[in-house]
Amino acid sequence: MLTPKEVRHVAMLARLGLTEAEVESLRVQLSDVLAHIAMLDKLDTSHIEPTAQVMAPRNVSRPDDIIPSLQPAHVLLNAPLAEEGFIRVPAVLEEVKVPTPSNTDSVN
């Protein structure tokens with residue numbers, strides 16, 4: 001059975017702030033989990049081959065077939081705003097003016 005001090009230590013490692021009621025509740029719950037895990041130590045697994053995965057791996061990729069894509073006109077039908085064959089969206093960046101040789105003289 002875990003002690004409240006051990007539960008507080010695990011909570012500190014997980015960066016959890018626990019009340020005393022939570023410490024007691026988790027002490028019981030974590031002790032039960034550890035008891036279930038300890039039961040696995042009693043199982044005879046000497047006849048079971050070690051495995052990295054429970055199920056055999058299988059290829060889930062599909063063939064890379066070339067298929068026709070949507071026509072731009074059909075795509076633009078779903079766009080809230082379109083302009084010159086493109087979907088128009090609100091600007092998300094401010095325009096930044098880079099000094100050029102012609103306008104750097106006025107800066108000084």
Side-chain angles (χ1 to χ4, degrees):
M1 188 63 92
L2 289 174
T3 66
K5 181 179 178 182
E6 291 169 322
V7 173
R8 283 189 205 95
H9 178 72
V10 172
M12 184 271 306
L13 293 174
R15 303 295 190 257
L16 298 174
L18 301 177
T19 65
E20 286 305 312
E22 290 170 326
V23 168
E24 181 56 28
S25 174
L26 286 174
R27 185 184 69 76
V28 173
Q29 291 176 23
L30 289 174
S31 295
D32 288 344
V33 169
L34 292 174
H36 286 292
I37 292 171
M39 285 193 307
L40 296 175
D41 287 337
K42 297 177 184 176
L43 292 175
D44 177 21
T45 59
S46 59
H47 63 283
I48 298 174
E49 189 176 326
T51 60
Q53 296 179 341
V54 177
M55 298 176 63
R58 64 183 180 96
N59 188 353
V60 293
S61 62
R62 60 172 174 74
D64 193 14
D65 296 330
I66 298 173
I67 59 172
S69 64
L70 296 173
Q71 295 295 318
H74 290 119
V75 173
L76 293 176
L77 288 174
N78 291 314
L81 291 172
E83 184 178 303
E84 297 179 14
F86 296 97
I87 297 173
R88 181 163 179 94
V89 296
V92 293
L93 300 174
E94 294 179 19
E95 185 177 330
V96 177
K97 296 196 181 215
V98 179
T100 61
S102 62
N103 67 7
T104 53
D105 294 336
S106 62
V107 174
N108 293 332

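What's counted below: heavy atoms across the whole structure, side chains too, no hydrogens, waters or symmetry copies. All values reported here derive from a predicted model rather than from experimental measurement.
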List, one per line, each side-chain donor-acceptor pair under 3.5 Å for residues 29-40, sequence neighbours excluded.
residue	atom	partner	partner atom	Å
Gln29	NE2	Ser25	OG	3.1
Ser31	OG	Leu2	N	3.0
Ser31	OG	Arg27	O	2.7

*asked:* Going by the rule salt bridge (Lys or Arg N to Asp or Glu O under 4.0 Å), which residues pair with Glu49 if we only count those two or more places apart in sequence or in a different chain?
replied: none
*What residue pairs, at least two apart or across chains, pass side chain to side chain donor-acceptor pair (under 3.5 Å) with a residue in residues 2-16?*
Thr3-Glu6, Arg8-Glu20
*Indicate, with yes or no, if Val28 and Val7 share a hydrophobic cluster defined by side-chain heavy-atom contacts under 4.5 Å among Ile, Leu, Val, Met, Phe, Trp and Tyr.*
no
*Backbone of Ile48 reached by a side-chain donor or acceptor of Thr45 within 3.5 Å*: no
*Got a sec, which residues hit side chain to side chain contact (heavy atoms under 4.5 Å, CB included) with Thr51, two or more places apart in sequence or on another chain?*
none
Without placing hydrogens or testing angles, list every side-chain donor-acceptor pair under 3.5 Å for residues 80-89, not counting sequence neighbours.
residue	atom	partner	partner atom	Å
Glu83	OE1	Arg88	NH1	3.2

_Which residues pass the side chain to side chain contact (heavy atoms under 4.5 Å, CB included) test with Asn78, not counting sequence neighbours?_
none
